[in-house]
Amino acid sequence: MSTLAHEPPDESYEPSEEPWDGPEGYATHDVTNQPPPLAPYDASGDTALLEGVRREGAGWAEEDLRRLGRRAGSAEAQEWGDLANRHEPVLRTHDRYGNRVDEVEYHPSWHHLMRVAVGEGLAGAAWADDRPGAHVARTAGGLVWGHTEAGHGCPTSMTYAAVPALRAQPELAKVYEPLLTSREYEPGLRTPTDKRGLLAGMGMTEKQGGSDVRTNTTAAAATAEPGVYTLRGHKWFTSAPMCDVFLVLAQAPGGLSCFLVPRVLPDGTRNTFRIQRLKDKLGNRSNASSEPEFDGTVAWLVGSEGQGVKTIIEMVNCTRLDCVMSSATLMRKTLVEAGHHARHRSAFGARLVDQPLMRNVLADLALESEAATTLTLRLAGAADRAVRGDAGEAAFRRIATAVGKYWVTKRGPAFTAEALECLGGNGYVEESGMPRHYREAPLLSIWEGSGNVNALDVLRALGRSPASAHALFEELALARGADARLDAAVARLEAGLGEASETGARRLVELMALTLQASLLVRHAPSAVADAFCATRLGGDWGHAFGTLPDTADLDGILARALPRKG
């Protein structure tokens with residue numbers, strides 16, 4: 001063993017102020033061949049997004065979208081997203097004196113993200129905006145602001161979705177809707193009517209049922225006051241438990257019913273909302289998901305007894321659209337990250353972005369991203385026009401939202417994995433942000449009904465709502481004759497409807513989604529994009545992984561549209 005550690009220090013030693021460059025002056029930490037930080041960048045710099053916004057009636061929002069895009073891509077906002085996930089929510093069941101409080105504490109970055117999201121109208125504000133395209137503008141805002149992080153999109157989505165469901169009880173809507181559509185973010189549990197703005201959550205699933213909500217066992221007992229009940233039961237997944245009010249399903253004497261449950265009662269006392277634990281989730285870590293217990297919990301009936309599913313289904317339709325939106329956002333965000341890396345990284349004598357096979361991968365991802373974004377905005381347009389009384393758009397929305405929810409969210413995990421791989425080992429480390437996006441991707445397929453639930457919902461729409469199938473084929477007919485591969489796929493789809501079965505539901509819905517995306521691209525995208533999409537997704541000229549576009553694909557045209565150069 002060396003005795004150097006035991007020798008007295010040389011009092012004549014003075015540390016050098018010059019950095020040590022290693023033996024013979026060689027620096028060991030010169031950083032070369034690494035990309036600079038992506039931020040600041042413009043998250044709204046997406047041609048397909050901006051074109052879709054104009055096409056679906058929200059062109060008036062473009063200036064605000066561009067401003068929000070610059071903020072989303074700022075170093076500050078990107079850091080908020082990182083910190084909100086590194087410092088996860090903490091459950092505090094009791095205060096220092098032993099009183100039950102059932103509160104969840106968040107990092108300040110969460111509140112920064114929420115304040116911007118609510119202030120920009122990404123929660124319930126669209127319901128208070130009479131301008132045509134207001135719901136499209138909100139969706140586009142989510143596609144842009146979602147570049148920061150995904151977790152805080154949960155409470156804004158649920159708040160947006162709660163408004164139409166709450167309208168089933170006009171006297172409750174009169175009190176709460178102005179606060180749910182507010183652009184004021186005011187965290188903390190207080191009497192709802194004393195706050196300037198509210199957030200809403202939902203509690204449907206229970207451990208014995210999951211998506212089969214009709215098996216819920218939470219019981220609702222009527223009180224002497226009309227419309228007021230008390231609840232007793234245990235919910236299995238209730239996200240964002242610090243929301244002010246929740247829409248909850250419970251079994252009333254007349255059957256499964258929908259109820260409004262505030263965290264704080266009108267007299268200022270805490271309602272019983274005992275949070276047993278927070279879920280330890282794969283992703284979505286910034287957003288707390290809880291298991292609350294109700295025991296004498298005061299609740300107000302929304303709609304009629306026994307009509308709980310019918311009442312809350314409008315909320316589900318809205319949140320399903322947001323699942324499509326969030327998946328499209330993840331695709332775009334990770335494509336931007338992959339493209340940025342490829343432009344600045346070199347290997348084997350050339351920049352990655354100039355190497356043919358990498359260009360094929362990026363172009364293939366770009367096709368998928370544009371198809372997802374274009375479909376998202378078309379669904380938002382249908383929702384906006386349905387709200388304004390367009391029966392045809394309402395019928396289209398009924399089936400197309402379930403189709404989009406199934407397919408776009410299914411594509412998300414494979415897409416983010418491929419985008420991560422474009423960064424190589426650099427994409428596998430947490431500092432890159434790509435692992436967070438990858439963990440986030442599977443949630444969107446699970447949330448608001450898994451793939452099977454959505455595929456079966458499409459079958460129900462076909463059986464119970466012939467107008468929905470008619471509306472879908474009317475939409476597809478708008479591109480008839482423009483591409484032979486699309487025409488052939490639509491013919492296969494029409495033939496397949498006669499043989500629709502539960503076993504084959506996924507195959508049928510997949511074909512619906514691909515023909516719908518292709519028809520939109522054929523009508524609205526450049527020929528380079530539309531032709532490559534139809535050739536690969538419908539024509540079979542494709543492999544089983546991204547990056548297998550045919551040699552005839554116009555990679556330059558696709559990439560120039562998807563990844564425009566700065567400046």
Side-chain angles (χ1 to χ4, degrees), residues 39 43 68-69 71-91 103-126 138-162 180-189 197-202 237-246 263 278-279 281-290 318-319 321-330 332-334 412 433 436-437 439-441 443-444 446-448:
L68 183 60
R71 188 166 193 187
S74 69
E76 179 184 51
Q78 292 295 306
E79 184 179 30
W80 289 344
D82 178 63
L83 291 174
N85 283 271
R86 290 182 183 274
H87 303 278
E88 298 175 9
V90 176
L91 172 62
E103 294 188 357
V104 177
E105 297 174 347
Y106 296 85
H107 189 268
S109 292
W110 167 271
H111 297 296
H112 295 325
L113 292 163
M114 286 295 302
R115 190 165 289 108
V116 174
V118 174
E120 294 289 341
L122 306 187
R138 177 203 169 260
T139 299
L143 286 165
V144 169
W145 184 246
H147 279 236
T148 56
E149 75 96 38
H152 76 291
C154 176
T156 58
S157 177
M158 292 189 297
T159 302
Y160 170 70
L180 293 170
T181 58
S182 168
R183 291 176 180 251
E184 295 283 346
Y185 173 63
E186 192 174 329
L189 297 179
L198 302 179
L199 295 174
M202 60 194 298
F237 266 99
T238 299
S239 289
M242 289 301 286
C243 287
D244 301 282
V245 296
F246 292 82
R263 288 292 316 261
L278 299 184
K279 299 290 191 181
K281 299 175 294 184
L282 170 67
N284 207 247
R285 306 285 294 190
S286 69
N287 175 42
S289 296
S290 68
C318 290
T319 49
L321 171 58
D322 280 6
C323 289
V324 183
M325 173 193 75
S326 296
S327 286
T329 303
L330 273 175
R332 179 63 190 173
K333 168 64 173 173
T334 54
R436 168 158 59 91
H437 303 319
R439 289 192 298 269
E440 193 71 35
L443 170 64
L444 286 316
I446 297 169
W447 190 24
E448 294 307 350

Separation of Met158 CE from Leu180 CG (nearest 0.5 Å):
12.0 Å
Arg263 side-chain N/O to Pro241 backbone N/O, donor-acceptor pair under 3.5 Å:
yes
Would you check, one step at a time, whether the test side-chain contact (heavy atoms from CB on, under 4.5 Å) holds for Glu448 with Asp322?
CA-CA 10 Å; Glu448 294 307 350; Asp322 280 6; over 6 Å; no
When you compare the side chain of Trp447 with that of Cys154, does any pair of heavy atoms fall below 4.5 Å?
yes
Which heavy atom of Gly124 sits nearest a heavy atom of Thr159, and at what distance?
N-CG2, 4.1 Å
How long is the straight-line distance from CZ of Arg86 back to CZ of Arg436, given to the nearest 0.5 Å?
8.5 Å
Scanning both residues in full, the closest heavy-atom pair of Pro89 with Val104 reads CB-CG1, 3.6 Å
Expected output: side-chain Ser290 to main-chain Ser239 donor-acceptor under 3.5 Å
no
Determine the interplanar angle of the His87 and His107 rings, folded into 0 to 90°, and report it as parallel if under 30°, tilted if 30 to 60°, perpendicular if over 60°.
parallel
Please report the C-alpha distance between Tyr160 and Arg138 in whole Å, then the side-chain angles of each, then the deciding distance to 0.1 Å, and finally whether the side-chain contact (heavy atoms from CB on, under 4.5 Å) criterion is met.
CA-CA 10 Å; Tyr160 170 70; Arg138 177 203 169 260; 3.4 Å; yes
Assess whether side-chain contact (heavy atoms from CB on, under 4.5 Å) is satisfied between Glu79 and His112, documenting all intermediate values.
CA-CA 11 Å; Glu79 184 179 30; His112 295 325; over 6 Å; no
Spatial distance of atom NE2 (His147) from atom CG (Leu68) [nearest 0.5 Å]:
10.0 Å
Determine whether a donor-acceptor pair (N or O, by modelled atom type, separation under 3.5 Å) exists between the side chain of Glu184 and the backbone of Gly119.
no
Which atom names give the shortest non-hydrogen contact between Gly142 and Thr329, and what distance separates them?
O-OG1, 3.7 Å
Would you sort out whether Trp80 and Glu149 count as a side-chain contact (heavy atoms from CB on, under 4.5 Å), showing the intermediate values?
CA-CA 8 Å; Trp80 289 344; Glu149 75 96 38; over 6 Å; no
Give the minimum heavy-atom separation between Trp110 and Ala84, together with the two atoms involved.
N-CB, 4.1 Å
To the nearest 0.5 Å, tell me how far Tyr106 OH sits from Met242 CE.
7.0 Å
Out of curiosity, Gln78 CD to Leu83 CG, how far, rounded to the nearest 0.5 Å?
11.5 Å
Kindly compute the distance separating CD (Glu186) from CG (Leu199), expressed to the nearest 0.5 Å.
10.5 Å
